[in-house]
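What follows is a short report on a single structure.
In what follows, chains are A, B, ... by sequence order, proteins preceding strands, each numbered from 1.
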Amino acid sequence: GAVVSQHPSWVICKSGTSVKIECRSLDFQATTMFWYRQFPKQSLMLMATSNEGSKATYEQGVEKDKFLINHASLTLSTLTVTSAHPEDSSFYICSAKGLAGTDTQYFGPGTRLTVL
Amino acid sequence: GQNIDQPTEMTATEGAIVQINCTYQTSGFNGLFWYQQHAGEAPTFLSYNVLDGLEEKGRFSSFLSRSKGYSYLLLKELQMKDSASYLCAVKRNAGNMLTFGGGTRLMVKP
């Protein structure tokens with residue numbers, strides 16, 4: 001149980017385009033989903049926390065207008081990187097937390113974004 | 001602020017035991033997680049400690065001392081597939097947010 005999927009697995013796009021990444025909890029309802037970014041040989045950096053049906057909470061230094069997060073249902077959150085630039089190239093990983101009583105976050109397989 | 005420190009790299013031999021340490025300084029501590037991450041893949045959950053003591057799960061054990069701000073992950077009977085990064089993450093207060101340490105890259109040699 002507790003499987004989280006992400007789509008796409010990898011994407012290459014031109015500078016200036018927007019990219020949408022989906023994160024789904026497959027066998028449980030995720031009240032909270034998290035979006036992380038990981039640069040090569042570095043640890044995960046939390047970008048934002050999204051709760052179903054409400055606005056996402058962004059970490060300091062993360063532009064909310066550039067990284068649009070929508071958590072429309074208990075099983076789906078999307079991250080849209082708007083007007084992507086080469087410096088946005090990174091590994092984007094989502095995680096999902098189940099209903100109350102469980103603290104563990106389960107991670108998706110990640111999306112590797114390369115902006116040319 | 002928060003400080004979570006782990007060694008950057010470690011090397012161990014197949015079949016041996018290795019201990020990966022994590023120290024943290026944070027207010028409102030409410031639990032510590034260990035994750036394993038293979039290169040290019042997402043982290044997978046290994047263990048969760050919120051009370052002092054040792055939690056054992058097969059070849060993996062995790063220890064926590066809240067008074068010392070210290071945890072370790074113990075891997076026994078090392079296998080080549082254990083070569084990965086091991087991430088220590090701290091949970092604060094009643095929120096859901098995790099803050100990750102820099103990770104420890106473990107290389108298991110034959």
Side-chain angles (χ1 to χ4, degrees), chain A residues 1-7 9-10 21 23-25 30-52 54 56-60 62 71 77 90-114, chain B residues 1-10 20 22-24 26 28-51 55 57 60 62 64 73 83-107:
Chain A
V3 178
V4 177
S5 71
Q6 274 184 248
H7 177 81
S9 301
W10 56 272
I21 303 170
C23 177
R24 294 181 186 272
S25 56
T31 52
T32 306
M33 287 184 169
F34 305 86
W35 287 96
Y36 295 84
R37 184 165 48 182
Q38 186 176 34
F39 292 104
K41 296 190 177 181
Q42 296 186 24
S43 192
L44 284 75
M45 297 297 295
L46 181 66
M47 298 175 67
T49 303
S50 76
N51 291 295
E52 184 264 340
S54 62
T57 302
Y58 290 81
E59 294 302 298
Q60 195 171 11
V62 178
H71 194 157
S77 175
S90 187
F91 193 47
Y92 291 87
I93 307 175
C94 74
S95 71
K97 178 184 174 299
L99 295 176
T102 60
D103 286 322
T104 303
Q105 291 182 28
Y106 297 93
F107 286 83
T111 297
R112 187 161 301 284
L113 170 65
T114 301
Chain B
Q2 297 181 78
N3 248 356
I4 303 173
D5 292 315
Q6 305 178 233
T8 307
E9 289 183 350
M10 297 182 72
I20 302 174
C22 172
T23 58
Y24 62 88
T26 186
F29 175 84
N30 195 24
L32 187 144
F33 291 82
W34 283 96
Y35 285 87
Q36 180 192 60
Q37 185 179 27
H38 285 98
E41 298 180 13
T44 54
F45 170 75
L46 290 179
S47 68
Y48 173 52
N49 295 67
V50 65
L51 301 175
E55 296 276 344
K57 265 189 186 182
F60 291 22
S62 58
L64 175 67
L73 180 70
S83 294
S85 285
Y86 291 85
L87 309 175
C88 164
V90 170
K91 181 170 173 286
R92 290 178 66 200
N93 301 316
N96 300 315
M97 195 181 82
L98 293 180
T99 301
F100 283 83
T104 299
R105 275 192 301 281
L106 173 67
M107 186 181 308

| request: Looking only at non-hydrogen atoms, find the nearest pair between F107(A) and A42(B) and report the distance. | output: CB-CB, 4.0 Å
| query | Between Q37(B) and F91(A), which heavy-atom pair has the shortest distance, and what is it? | reply | NE2-CE2, 4.3 Å
| note | Closest non-hydrogen atoms of T104(A) and Y35(B), given as atom of the first, atom of the second and distance, are CG2-OH, 4.2 Å
| task | Looking only at non-hydrogen atoms, find the nearest pair between Y36(A) and L98(B) and report the distance. | result | OH-CB, 3.9 Å
| Within 6.0 angstrom of M10(B) CE, more than 12 heavy atoms from elsewhere | yes
| Taking all atoms of both residues into account, what is the closest heavy-atom pair of L44(A) and F100(B), and its distance? | O-CB, 3.8 Å
| field | Contact class of L46(A) relative to chain B, heavy atoms under 4.5 angstrom | value | side chain
| remark: Applying a strict 4.5 Å limit to non-hydrogen atoms, the region of E59(A) in contact with chain B is side chain
| field | Choice from A89(B), S85(B), G40(B) maximising heavy atom contacts with chain A below 4.5 Å | value | G40(B)
| request: Evaluate whether atom NE2 of H7(A) has more than 12 neighbouring non-hydrogen atoms of other residues, nucleotides or ligands under 6.0 angstrom away. | output: no
| query | Would you say S43(A)'s side chain and G101(B)'s backbone share a donor-acceptor pair under 3.5 angstrom? | reply | yes
